[in-house]
Amino acid sequence: MNYSIAKEPIIVQEVIDKVVQREAGAITTFIGTVRELTHGKKTLYLIYEAYESMAVKKLEQIGKEIKERWDGADVAITHRVGKLDITDIAVVIAVSTPHRADAYEANRYAIERIKEIVPIWKKEHWEDGQKWIGNQLETVAYPTGKPEESDLNE
Amino acid sequence: MNYSIAKEPIIVQEVIDKVVQREAGAITTFIGTVRELTHGKKTLYLIYEAYESMAVKKLEQIGKEIKERWDGADVAITHRVGKLDITDIAVVIAVSTPHRADAYEANRYAIERIKEIVPIWKKEHWEDGQKWIGNQLETVAYPTGKPEESDLNE
Amino acid sequence: MNKVLFFAHLKDAVGEEVIELDTNGKSVVEIKELMKEKYPALNLENVMAAINEEFASDEDILQAGDTIAFIPPVSGG
Amino acid sequence: MNKVLFFAHLKDAVGEEVIELDTNGKSVVEIKELMKEKYPALNLENVMAAINEEFASDEDILQAGDTIAFIPPVSGG
């Protein structure tokens with residue numbers, strides 16, 4: 001169960017525990033949290049919704065892609081759904097590798113791919129309204145390759 | 001106390017908690033663990049030793065450098081000393097930033113700087129002996145700028 | 001029969017997450033047209049389809065029992 | 001008086017982490033020479049000095065009460 005959709009708050013350590021290996025010298029984690037301000041607008045809370053069975057498959061696919069690209073990597077990803085408040089954790093990605101450079105690069109790859117291919121959507125709630133947020137990459141809808149340089153600057 | 005030297009096992013979540021901020025959408029952590037094999041040689045355990053008061057000052061300096069380079073970043077670093085077994089955590093670096101690219105880059109910068117300027121040493125213990133390990137960068141002893149590309153491939 | 005799934009703003013427009021429909025032998029693009037007729041509020045611009053939890057192309061044909069899902073641009077992470 | 005600190009393999013060579021010595025008015029490089037005479041097993045190659053917890057250059061002069069530490073290439077992380 002290295003790839004999962006959670007309805008309850010994510011315990012970071014539990015995700016990390018899944019990738020501990022004797023051959024790994026480095027573990028990186030990415031923790032995506034709900035930010036109060038986006039483009040100057042104040043978020044009250046978010047709702048995340050997932051096509052759960054497909055989302056798990058796509059997270060598994062991302063893990064497989066990483067293991068093909070980075071030798072000795074292990075990966076675990078948990079994404080939360082439901083209502084999230086400011087500073088709540090939306091996603092945790094843990095990657096372990098023998099050498100540290102790979103752990104950073106593979107982890108970065110995972111979050112970019114999540115934003116491309118994993119069927120999860122967020123609805124932002126502000127004081128004056130609410131809206132389902134579309135593709136945050138603001139590029140073509142589903143690039144199939146690696147993220148473009150411009151996507152990496154968000 | 002965002003920068004510390006620990007004699008007891010490091011609790012990852014406690015380091016993360018220090019960098020949570022409402023303005024941050026991304027937290028990265030780097031967890032350096034004791035790897036069993038280095039260049040094919042089997043490690044039994046490690047001893048880490050620090051010039052503790054200076055090490056804390058140098059960790060603070062790294063945090064300051066990061067805040068100057070990456071807008072809105074917050075940083076916490078804990079490094080363990082004493083005897084560590086395989087898979088034990090030697091160091092945890094947590095960085096939060098408003099945007100995710102910065103969280104990866106700033107975290108990477110922290111670990112590279114630790115390996116350059118923080119007075120901490122490790123003694124590797126193998127089945128057939130033991131040795132204090134020197135500069136793992138295998139470059140000039142104390143570069144003062146950013147790490148070179150070649151240093152980033154370890 | 002086939003299941004048709006809607007998510008995010010599509011679910012809001014349709015008012016349901018799942019409907020049952022016989023779309024056997026129809027292509028993805030044909031089903032999209034059908035949905036637009038059935039639900040005038042449905043905006044399928046930039047919306048991908050998945051058949052049985054894998055992204056599908058416009059020309060893919062639904063078989064009996066297949067599930068088709070409409071996937072708006074994702075915003076997880 | 002001044003404190004002189006040794007770490008890692010230097011501590012092993014000297015047999016102590018701290019010694020007290022009057023090095024008032026001497027430069028870092030002069031103290032290094034003094035240490036090599038006092039402890040023939042001491043290898044100060046690639047070893048930096050820190051005065052009062054800040055990296056120092058060979059020409060820096062110790063004042064009364066200053067602490068000097070010898071810092072072998074670091075290997076934390």
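A note on names: the letters A, B, ... follow the listed sequences, proteins ahead of strands, and every chain is numbered from 1.
No more than 12 heavy-atom neighbours from other residues, nucleotides or ligands sit within 6.0 angstrom of NZ on B/Lys64. B/Asp128 CG: more than 12 foreign heavy atoms inside a 6.0 Å radius. For CD of A/Glu8, the number of neighbouring non-hydrogen atoms (other residues, nucleotides, ligands) closer than 6.0 Å is 12 at most. In the displayed structure, B/Lys42 atom NZ is contacted under 6.0 Å by at most 12 heavy atoms of other residues, nucleotides or ligands.
Most heavy-atom pairs under 4.5 Å with chain A, from the set B/Thr28, B/Val91, B/Ile93, B/Ile89: that is B/Thr28. Contact count versus chain A (heavy atoms, under 4.5 Å) is highest, among B/Ile86, B/Asn107, B/Val34, B/Thr29, for B/Thr29.
In this structure, the portion of B/Ile16 lying under 4.5 Å from any heavy atom of chain A is its side chain and not its backbone. Proximity to chain A involves both the backbone and the side chain of B/Ala26, based on heavy atoms less than 4.5 angstrom apart.
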Note to self: Under the criterion side-chain contact (heavy atoms from CB on, under 4.5 Å), I'd like the reasoning laid out for A/Thr33 against B/Val20: C-alpha separation, chi angles, the key distance, then a yes or no.
What the structure shows: CA-CA 9 Å; A/Thr33 56; B/Val20 171; over 6 Å; no
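Listed here is the closest heavy atom pair of A/Arg35 and B/Pro98: NH1-O, 2.6 Å.
Between the side chain of B/Arg22 and the backbone N or O of A/Thr87, no donor-acceptor pair lies under 3.5 Å.
Using a 4.5 Å heavy-atom threshold, the side chains of B/Glu23 and A/Leu37 count as separate. The shortest side-chain heavy-atom distance between B/Tyr104 and A/Ile111 falls under the 4.5 Å cut-off. Counting heavy atoms from C-beta outward, B/Lys115 and A/Arg100 have side chains that approach closer than 4.5 Å.
Distance check, rounded to the nearest 0.5 Å: CD1 of B/Ile31 to CD1 of A/Ile27 gives 5.0 Å.
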